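Proteins come first, then strands; the chains are lettered A, B, ... in the order of their sequence lines, and each starts at number 1. It should be emphasised that the depicted structure is a prediction, and the values quoted were computed from it without experimental measurement.
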Amino acid sequence: MIMNPTISEQEAIRREALEQLRSLGIDPYPAETYEVNATAKQILDQFPADNSLYQDVRIAGRIMGRRIMGNASFAELQDESGRIQLYFNRDEICLGEDKTMYNTVFKRLLDIGDIIGVRGFVFITKMGETTIHVKEFKILCKSLRPLPIVKEKDGKVYDAFTDPEQRYRQRHLDLIVNPEVRDVFRRRAKLIQSMRAFLLDKDYLEVETPVLQPIYGGAAAKPFKTYHNKLDTTLYLRIANELYLKRLIVGGYEGVFEFAKDFRNEGMSRFHNPEFTQLELYVAYKDYEWIMGLVEEMVEKIVFDLHGTTSIPVDGQTISFKRPWKRYSMYGAIEHFTGTDISGMDEEGIRNFARENGVETDDTMGRGKLIDEIFGEKCEPNLIQPTFITDYPIEMSPLAKKHRSKPGLVERFETICNGKEICNAFSELNDPIDQRARFEEQLELGRRGDPEAMVLDEDFLRAIETGMPPTAGLGVGIDRLAMILTNKRSIQDVLFFPQMRPEKTSAAVATGNVFGQTGIPEDWAGLLARAGYNDLKALKEANPNKVFNQLCGLRKKLKLEIPAPGLEEVKGWIDQIDIK
RNA sequence: GACUUGGUAGCUCAGCUGGUAGAGCACGUCCCUUUUAAGGAUGGGGUCCUGGGUUCGAGUCCCAGCCAGGUCACCA
């Protein structure tokens with residue numbers, strides 16, 4: 001019998017079990033601490049070597065599988081460290097005549113997905129598997145929803161839970177049944193820890209700066225817009241934190257960094273999530289040459305910390321992070337991959353070159369943007385091994401210092417790896433007059449229609465006018481780096497909760513009581529929700545003939561005993577609905 | 001945004017030229033004291049993504065939409 005039309009039979013059975021547990025005096029959600037003295041992994045690692053260990057072990061976790069055979073049973077318990085087998089014997093779980101704890105509680109009221117604590121001793125079965133012989137168990141949490149069942153034998157996985165939509169929307173399930181996913185995020189965490197340790201070791205200060213910014217800046221991107229009621233002003237979610245960190249350098253700190261969530265209101269793809277994490281680092285009295293050395297050293301160390309080697313497999317290729325990395329100037333890279341030196345061409349010349357090479361252009365693009373398009377199209381995808389691209393055109397780098405010797409260029413580099421940008425750095429522009437002029441050029445680009453041109457930040461200029469020491473700045477795309485270091489092809493696989501379109505709200509939100517005051521019989525009120533009418537308004541606007549047909553259809557489908565309503569009766573219900 | 005593939009039971013998936021919705025696992029019941037992706041027997045479980053259309057009849061064909069994946073575009 002279906003008690004509630006919106007839950008499945010299996011869920012109904014679990015709710016029934018919940019009530020039965022309570023009626024046996026067992027709290028399915030106990031409050032007190034459950035003391036544990038081992039993990040699955042510790043036992044599996046140490047027990048065969050030393051049989052005296054773990055003779056009074058307490059462990060807790062989720063039941064992932066059960067094999068019940070009469071008076072003896074096996075179950076699989078999963079804790080954070082892994083899985084271990086449990087052995088239950090009826091007469092040891094239940095010492096006296098009352099066999100309820102085994103026959104009823106364990107065999108009938110427990111399910112895959114429930115969380116229990118067990119106490120017992122470790123032994124090895126005839127089949128040779130290290131197992132906990134359970135003397136007592138305690139229910140710590142009853143699970144009301146069935147879990148995807150994934151089975152595995154000799155490395156072969158059966159019924160794998162692989163649908164990306166379900167994995168991302170219900171990440172908890174993904175983490176429970178796909179242990180390698182838990183490892184990916186451990187490695188991501190280790191990457192950040194390793195990077196932080198490296199930077200702290202150099203005595204740089206880890207700081208926090210505003211996410212809500214009155215003027216967005218520090219990058220070329222479209223922002224998310226929000227609104228502060230009390231201030232009656234528009235605020236933007238940051239697209240970068242660069243301009244704030246530089247103010248801290250002005251203030252006298254000589255090395256500051258932040259692991260920053262940034263937000264960009266742009267398209268989504270396997271390389272782009274609307275919110276993403278960047279490390280930004282600023283060090284006074286240094287230049288971009290120096291930062292290149294730091295990036296090589298830092299990334300090489302991180303890769304080694306995670307993998308114990310500097311060469312790792314990525315997308316079917318091997319990438320080596322061993323220093324030194326290859327370096328090209330931007331013009332050099334374009335010449336290398338297209339055979340043409342475009343460094344001397346003017347805007348029109350470059351535009352023509354781009355067209356001839358099949359690179360899309362439009363009239364809002366200035367010289368710098370054109371060069372960047374050519375690079376992105378012709379060079380970037382070919383750069384698999386970590387490579388520094390240096391000396392960018394001035395037009396596309398309004399926050400970078402003019403090159404010390406090459407006119408028209410700035411002291412900037414990006415690190416490209418596996419065909420994607422992972423770092424961006426420059427000798428920071430600290431000439432306030434030049435900085436103001438660059439912002440004004442950006443305003444001009446904006447007037448030409450570039451939606452990503454930067455806006456002029458008067459507060460930032462005021463700080464720079466106070467005087468910022470020569471400074472090197474660096475941004476590292478943490479998600480992109482995590483993809484490479486975990487060998488994942490999409491950013492969604494290195495973010496716990498990637499952005500998804502909202503799921504359509506289902507009829508599940510409605511229950512019979514929505515229609516409780518309307519005189520509609522309770523039996524039918526529940527079915528109205530199932531027919532897709534979630535509120536009185538929806539029902540009021542519906543065609544009574546259609547509602548009538550739907551109810552009769554459901555009655556037949558669900559084999560309900562109640563008599564079918566008449567058409568006039570259904571019309572009556574709808575007529576008397578009064579929407580205020 | 002364009003193209004393309006998909007959406008069927010809790011999960012993984014079949015379902016032919018349109019004709020009573022299927023399998024394995026999971027779940028229920030019964031039997032079974034050491035099993036290991038799978039013990040035996042048996043039973044229940046469906047808004048075939050949504051809404052229209054064609055048809056005597058639509059999971060299947062047509063149209064529109066929603067959600068997801070892939071490729072491309074966008075993303076300095």
Pair assignment for B:rC56, Watson-Crick or G-U wobble, requiring both distances under 3.5 Å: B:rG19

Geometric cation-pi criterion, A:Lys420 with A:Phe271: 6.0 Å, 45°: yes

Qualifying residues under side-chain contact (heavy atoms from CB on, under 4.5 Å), relative to A:Glu373, sequence neighbours excluded: A:Val359, A:Met365, A:Lys369

Nearest-nucleotide pick for A:Thr162, side chain only, options being B:rG28, B:rC13, B:rC11: B:rC13

Sugar-phosphate only, base, or nothing, as touched by A:Arg145 at under 4.0 Å among non-hydrogen atoms: nothing

Please write out the pairs of protein N or O atoms and N or O atoms of nucleotides 70-74 of chain B separated by less than 3.5 Å, giving the distance to one decimal.
unit_1, atom_1, unit_2, atom_2, d
B:rU71, OP1, A:Arg489, NH2, 3.3

Nucleotide paired to B:rG24 in any strand shown, Watson-Crick or G-U, under 3.5 Å: B:rC11

CA sep, side-chain torsions, deciding dist, call: A:Ser23, A:Gln20, side chain to side chain donor-acceptor pair (under 3.5 Å): CA-CA 5 Å; A:Ser23 68; A:Gln20 284 187 42; over 6 Å; no

Residues, nucleotides or ligands: over 12 heavy atoms within 6.0 Å of A:Arg67 CZ: yes

Check: A:Phe47 ring centroid to A:Tyr54 ring centroid under 6.0 Å: no

Candidates B:rC67, B:rA37, B:rU12 - which lies nearest the side chain of A:Asp159: B:rU12

Side-chain donor/acceptor of A:Gln10 to base of B:rG10, under 3.5 Å: yes

Pairwise P distance, B:rC3 and B:rG65 [rounded to whole Å]: 11 Å

Nucleotide nearest A:Pro146 (side chain, heavy atoms from C-beta), chosen from B:rA37, B:rU12, B:rG10: B:rG10

Distance below 4.0 Å between A:Arg108 side-chain N/O and B:rU29 OP1 or OP2: yes

P spacing across the pair B:rU17 / B:rG6, given as an integer number of angstrom: 14 Å

Whole-Å gap separating C1' (B:rC49) and CZ (A:Arg169): 12 Å

Euclidean distance, atom NE2 of residue A:His172 to atom C1' of B:rG10 [Å, nearest integer]: 12 Å

Nearest-angstrom distance, C1' atom, B:rU47 to B:rA21: 14 Å

Centroid-centroid distance, A:Phe88 to A:Phe137, less than 6.0 Å: yes

Pairing partner (Watson-Crick or G-U wobble, both distances under 3.5 angstrom) of B:rU36: none

Pair assignment for B:rA68, Watson-Crick or G-U wobble, requiring both distances under 3.5 Å: B:rU5

Lys NZ or Arg CZ of A:Arg171 over A:Phe496 ring: under 6.0 Å, within 45°: no

Span that lies between the P atom of B:rA58 and that of B:rC48, in whole angstrom: 13 Å

No-hydrogen, no-angle side-chain donor-acceptor test under 3.5 Å, A:Arg480 and A:Asn418: no

Sugar-phosphate only, base, or nothing, as touched by A:Ala219 at under 4.0 Å among non-hydrogen atoms: nothing

Over-ring placement of A:Arg264 relative to A:Tyr216, 6.0 Å and 45° cut-offs: no

Nucleotide B:rC27, atom C1' - distance to CD1 of A:Ile112 in whole Å: 10 Å

Between B:rA37 (C1') and A:Met64 (CE): distance, integer Å: 13 Å

Pairwise C1' distance for B:rC25 and B:rA38, with rounding to whole Å: 9 Å

Whether A:Phe74 and A:Tyr87 hold their rings parallel, tilted or perpendicular, with breakpoints at 30° and 60°: tilted

Length of the CD-P vector between A:Glu152 and B:rA26, whole Å: 16 Å

Between B:rC25 (C1') and A:Ile68 (CD1): distance, integer Å: 16 Å

Same-atom distance (C1') from B:rU12 to B:rG18, integer angstrom: 27 Å

Given RNA chain B, 5'-ward residue of the pair A:Arg14 and A:Tyr168, judged by closest heavy atom: A:Arg14

SB check A:Asp174 A:Arg167 (cutoff 4.0 Å): yes

Nearest-angstrom distance from the residue atom CG of A:Asn273 to C1' of B:rA68: 15 Å

5′-ward residue of the pair A:Lys156/A:Lys107 relative to RNA chain B: A:Lys107

Same-atom distance (C1') from B:rU8 to B:rU60, integer angstrom: 11 Å

Spacing between A:Asn103 atom CG and B:rC30 atom P, to the nearest angstrom: 10 Å

Separation between the P atoms of B:rU42 and B:rG59, rounded to whole Å: 31 Å

A:Leu474/A:Val295 under side chain to side chain contact (heavy atoms under 4.5 Å, CB included): CA gap, chis, key distance, verdict: CA-CA 9 Å; A:Leu474 167 71; A:Val295 167; 3.6 Å; yes

What nitrogen or oxygen pairs link the protein and nucleotides 33-35 of chain B at under 3.5 Å?
unit_1, atom_1, unit_2, atom_2, d
B:rU33, O2, A:Asn89, ND2, 3.4
B:rU35, O2, A:Arg67, NE, 2.6
B:rU35, O2, A:Arg67, NH2, 3.2
B:rU35, N3, A:Gln85, OE1, 3.0
B:rU35, N3, A:Gln85, NE2, 3.1
B:rU35, O4, A:Gln85, NE2, 2.5
B:rU35, O4, A:Thr125, OG1, 2.9

